Amino acid sequence: MTRATLYLLALTVLLGACAKAPLASVPVAEREAIAGRMTQDIAILASDEFAGRKPGTPGGQRTVEYLVQRFEQVGLTSGTNDPGNPWRAPVQLTSARASQSDVELNVEGKALTLTEEEAVAVTTRRRELISEADLVFVGFEAQRVPKERVMGKAVIMLAGSGLNPERRILLEQKQASAVIVVAPNPDIVARIRRESSVERTALEGDIDEAFAVVATRAAMVRAIGAERWEALVQSALGEGFEPVDLPAKVNIEARSERRDFTSYNVLGRLAGTSPDTQAILLMAHWDHLGLCRPESAEDRICNGAVDNASGIALMLELGRRLAARGPFERDIYILATTAEEDGLLGAKAFADAPPIPLQSVIAAFNFDSVALARAGSPLGFVGEGRTPLDTFILETLIEAGRDLGNREYAESFVKRQDAWALLQKGVPAVMLSSAFASEITAGPFFEGDYHSPSDEAEGVELGGAIDDLLLHEELVARLAVPSTEQVQARK
């Protein structure tokens, strides 16, 4: 070996020893330790003991207690800024589930009870009762129907293409006691009955006070006769149609199981050394569907390992690593939201009553269903182009050697995750996840295990999630230390 060769070899070894590790990268042993801690949190949260983490259930309460314990363990303090409610920010919810539906027609003195296949009456109130109401047929009309023709009466309305809800609402505004929509397809009655039997949850005061009655054409034919019914339908199709009073009355009773209850967002904080320099928010929803299958099913529990025990596990590990790396100048808030599955309700409640002014949040990062992609996968940027964070994020991705995935596919999820509730309030909120980089990665999950008892802890893939965790650690660490360049980039 020549002297020149020895010199080059020594120089190569020296340069290799001095080279920096790639951005957002850690040794294999450290990745394995991260995976171990995340796996443990996922296994616990997605266990049958937590019964699917549905808000308003013992499993939901157990989840909140576990999160408070884990927030304390990773080094957080309460982030509610409310001494009366440490850790737990109350979220007032109302739920309703249809429980009874009875529709009876009395035509020329003859009572006829419609079957479950022929009609359904649905309400979100505890009870709706219509007794001996006169019937009037309005066909496809609503706008031109005089208020005095329908006030206090039950209206029979024909379903048509488009404007069905609008016509029904307009007739209700004219004080019809009930609007019976005659559906052309009998499957519609079965679908409404099935869907209304599922509990629906809303923020207290926001639940839709709905009352709807749907019947089949067959029910109308059985009640008033085929010839008379067809004559009514034909008259409704003609010009100059006028509402027709029918020689019939209707009795309708609908009930729902309705309850008001309190769930909780869990909120922690890594206090900054200069809290007046604004804050960063990390968020993930803790809830899932609970018992999602009939009692006869072999497995009734939707445990929600990927959706979203994995997002919570990532956020807990990120909080732990940031706590060990800090303190930073800016506050870092860590939020586990409730009732995301019911329509981003916990995130909306946070946005409506935040513990700090929303304008002080310079960046929010959401974590949802993160455990799908393998290590080295491209990144999905949900919310790209919607905040001033784009340049900062994209430059950091280049430094980390991360590629973006299918931008159009990632964008399709922007309204389906908690960051949307904050975007609506003007908060720069994004979701960066290798799980949403392409349909190839996420598609099989959404077509299979999504919202199913098969979303179990054994099925998670943490390689891409750990890549994403390390990237977020770098993003947050940079944002948590104010600099002129960063501030200007987000103006």
Side-chain angles (χ1 to χ4, degrees), residues 37 41 44-45 50 53 55-56 59-93 203 261-287 308-309 311-340 344-367 418-419 421-422 425 427 429 472-473 476-477 479-480:
R37 288 187 289 269
D41 279 323
I44 292 172
L45 289 167
F50 285 69
R53 306 189 307 278
Q61 182 60 38
R62 187 172 289 115
T63 304
V64 170
E65 293 169 357
Y66 179 78
L67 289 175
V68 171
Q69 175 188 351
R70 291 290 289 121
F71 275 30
E72 291 178 318
Q73 288 173 349
V74 303
L76 309 182
T77 58
S78 171
T80 61
N81 295 328
D82 178 3
N85 291 290
W87 299 108
R88 301 166 173 85
V91 179
Q92 305 301 331
L93 300 171
L203 292 173
F261 62 98
T262 304
S263 187
Y264 298 92
N265 288 333
V266 182
L267 192 59
R269 176 180 173 233
L270 288 174
T273 57
S274 301
D276 292 340
T277 56
Q278 304 170 311
I280 300 160
L281 175 67
L282 311 178
M283 60 194 300
H285 75 89
W286 62 254
D287 65 299
N308 185 37
I312 289 291
L314 187 157
M315 189 170 69
L316 286 170
E317 176 63 12
L318 179 57
R320 187 193 70 81
R321 293 178 66 86
L322 289 169
R325 188 169 169 173
F328 301 96
E329 291 183 54
R330 287 187 166 121
D331 283 344
I332 300 171
Y333 283 84
I334 298 182
L335 170 67
T337 61
T338 183
E340 185 270 354
L344 318 182
L345 302 183
K348 290 177 180 177
F350 173 87
D352 288 341
I356 55 175
L358 287 183
Q359 60 267 28
S360 70
V361 179
I362 63 165
F365 298 96
N366 187 38
F367 307 101
D418 272 342
L422 295 180
K425 297 282 189 175
V427 177
H472 279 89
E473 181 182 351
V476 174
L479 287 169

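Numbers here are sequence positions counted from 1. If you're wondering where the values come from, they're calculated on a predicted model, not measured in any experiment.
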For [X] and [Y], indicate whether the former's side chain and the latter's backbone hold a donor-acceptor pair under 3.5 Å.
| X | Y | value |
| --- | --- | --- |
| T80 | A89 | no |
| R330 | L479 | yes |
| S78 | W87 | yes |
| D287 | E340 | yes |

Show me the pairs that pass ring pair (Phe, Tyr, Trp, His ring centres under 6.0 Å) and involve residues 344-367, at least two apart or across chains.
F365-H472, F367-H472
Ignoring hydrogens, what is the shortest heavy-atom contact between [X] and [Y]? Give both atom names and the distance.
| X | Y | answer |
| --- | --- | --- |
| F71 | A336 | CZ-CB, 4.2 Å |
| A284 | M315 | N-SD, 3.6 Å |
| G268 | L76 | CA-CD1, 4.1 Å |
| R53 | L45 | NH1-O, 3.0 Å |
| A351 | K425 | CB-CG, 3.8 Å |
| W286 | S263 | CZ2-OG, 3.4 Å |

Report yes or no: do [X] and [Y] form a side-chain donor-acceptor pair below 3.5 Å?
| X | Y | answer |
| --- | --- | --- |
| E329 | T273 | no |
| Y66 | D41 | yes |
| N265 | T338 | no |

Give, for atom [atom1] of [X] and atom [atom2] of [Y], the distance between the pair rounded to the nearest 0.5 Å.
| X | Y | atom1 | atom2 | answer |
| --- | --- | --- | --- | --- |
| R269 | L281 | CZ | CG | 13.5 Å |
| L345 | L203 | CG | CG | 4.5 Å |
| I334 | M283 | CD1 | CE | 12.5 Å |
| L316 | L67 | CG | CG | 6.5 Å |

Checking side chain to side chain contact (heavy atoms under 4.5 Å, CB included) against L282, which of L270, N366, L322 comes through?
L322
Determine, step by step, whether E473 and L318 satisfy the side-chain contact (heavy atoms from CB on, under 4.5 Å) criterion, reporting the C-alpha distance in whole Å, the side-chain angles of both residues, the deciding distance to 0.1 Å, and the verdict.
CA-CA 6 Å; E473 181 182 351; L318 179 57; 3.8 Å; yes
Just do the side-chain hydrogen bond (donor to acceptor under 3.5 Å, both in side chains) check on Q92 and T262 with the steps written out, would you?
CA-CA 5 Å; Q92 305 301 331; T262 304; 2.7 Å; yes
Please determine whether side-chain contact (heavy atoms from CB on, under 4.5 Å) holds for the pair V361 and Q278, giving the CA-CA distance in whole Å, both sets of side-chain angles, and the decisive distance to 0.1 Å.
CA-CA 6 Å; V361 179; Q278 304 170 311; over 6 Å; no
Hey, are E317 and R320 close enough for a salt bridge, meaning a charged N less than 4.0 Å from a carboxylate O?
yes
Could you go through the side-chain contact (heavy atoms from CB on, under 4.5 Å) check for Y333 and N81 one step at a time?
CA-CA 11 Å; Y333 283 84; N81 295 328; 3.1 Å; yes
